[in-house]
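To start, the structure itself, in structure tokens.
The residues of the chain are indexed from 1 along the displayed sequence. All figures in this text were calculated on a predicted structure; none of them were measured in a lab.
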Amino acid sequence: MPKATFYTHVGNPYAFTCRLAARAMQSGSRVLVWADSPEAVARLDIDLWQFEPTSFLPHEIWETGQTCPQNVPVVLAYGHTLPETESGLVVLNLAPDFWCDAPVPPARVLEIVGSSLEELAEARERFRAYRNSGFEIEHHNMQGKA
């Protein structure tokens, strides 16, 4: 059964994304970080380079429409249509996109949601869509946590 985990009230989505990507990579997973704009991808690229001074998160930017990079554990991308993902890829979603509607939905989606009313409303819609598509749902309220 596919699984969607929602992290809501995230104070710094970029730093939180770096931590989740590092954790997923350490557990042996490949990660696709799906952003909502090229500017967000550029910011994540910089943040992943600077995440922890003693470590490096190998990553590459994927231009959708091209072949997904296979030789790195973390891939950064955005687009107007959701790509078909490989099996076992964990998606960290920073966009308002519904991954349950992807051509081949991933087995694991981590939804990173800020605190604005708009972000929370969009997340509630995605929550319902994932649940209606048969995803197992998990929620973590990150309010007040670093």
Using a 4.5 Å cut-off on heavy atoms from C-beta on, say whether the side chain of Cys18 contacts that of Gln50. no
Shortest non-hydrogen contact between Pro96 and Glu122, atoms and distance: CB-OE1, 3.6 Å
Contact check, side chains of Leu92 and Leu32, non-hydrogen atoms, under 4.5 Å: no
Cys100 versus Pro105, closest heavy-atom pair with distance: O-CG, 3.6 Å
Just do the side-chain contact (heavy atoms from CB on, under 4.5 Å) check on Ile46 and Leu48 with the steps written out, would you? CA-CA 6 Å; Ile46 292 167; Leu48 286 169; over 6 Å; no
Surrounding CD of Gln70 (heavy atoms of other residues, nucleotides or ligands, distance under 6.0 Å), is the total greater than 12? yes
same_hphob_cluster(Tyr78, Val90) at 4.5 Å side-chain heavy-atom cutoff: yes
Begin from the C-alpha positions of Ile137 and Lys3 and carry the test side-chain contact (heavy atoms from CB on, under 4.5 Å) through to its verdict. CA-CA 6 Å; Ile137 304 290; Lys3 185 175 185 177; over 6 Å; no
As an exercise, state the distance from CG of Leu110 to CH2 of Trp99, rounded to the nearest 0.5 Å. 12.0 Å
Cut-off 3.5 Å, side chains only: do Glu136 and Tyr130 have a donor facing an acceptor? no
Please evaluate residues Val74 and Val33 with respect to the criterion side-chain contact (heavy atoms from CB on, under 4.5 Å), reporting the C-alpha separation (whole Å), side-chain torsions for both, the decisive distance (0.1 Å), and the verdict. CA-CA 7 Å; Val74 179; Val33 180; 4.2 Å; yes
Any link between Val31 and Val113 through a network of hydrophobic side chains (Ile, Leu, Val, Met, Phe, Trp, Tyr) touching at under 4.5 Å? no
For a 4.5 angstrom cut-off between non-hydrogen side-chain atoms, does Ile112 reach Pro13? yes
Any chance the rings of His140 and Tyr7 have centres within less than 6.0 Å? yes
Scanning both residues in full, the closest heavy-atom pair of Pro83 with Pro103 reads O-CD, 3.8 Å
Between Phe6 and the options Glu138, Arg126, Met142, the side-chain contact (heavy atoms from CB on, under 4.5 Å) test singles out Arg126
Can you tell if the side chain of Val72 reaches within under 4.5 Å of the side chain of His59, non-hydrogen atoms only? no
Does the side chain of Pro2 reach to within under 4.5 Å of the side chain of Val109, using non-hydrogen atoms? no
Which heavy atom in His9 sits nearest to a heavy atom in Ser115, and how many Å separate them? CA-OG, 3.2 Å
Provide the closest heavy-atom pair for Leu89 versus Pro106 in the form atom of the first, atom of the second, distance. O-CB, 4.0 Å
Can you measure from CH2 (Trp34) to CH2 (Trp62) and round to the nearest 0.5 angstrom? 7.0 Å
Approximate separation, where rounding is to 0.5 Å, of Asp47 CG and Arg19 CZ: 11.5 Å
Stepwise, does the side-chain contact (heavy atoms from CB on, under 4.5 Å) test hold for Thr17 with Leu94? CA-CA 8 Å; Thr17 298; Leu94 290 166; 3.4 Å; yes
If we only count heavy atoms from C-beta on, is the Asp45 to Ile61 side-chain gap below 4.5 Å? yes
How long is the span from the CD atom in Glu118 to the OG atom in Ser116, to the nearest 0.5 Å? 5.5 Å
Between the CZ atom in Arg124 and the CD atom in Glu119, the distance rounded to the nearest 0.5 Å is 11.5 Å
Indicate whether the side chain of Thr5 and that of Arg108 have a donor and an acceptor atom separated by less than 3.5 Å. yes
same_hphob_cluster(Val41, Leu20) at 4.5 Å side-chain heavy-atom cutoff: yes
So Thr8 and Leu120, do their side chains get closer than 4.5 Å, heavy atoms only? yes
Rounded to the nearest 0.5 Å, the CG atom of Leu76 sits from the CD atom of Glu60 at a distance of 9.5 Å
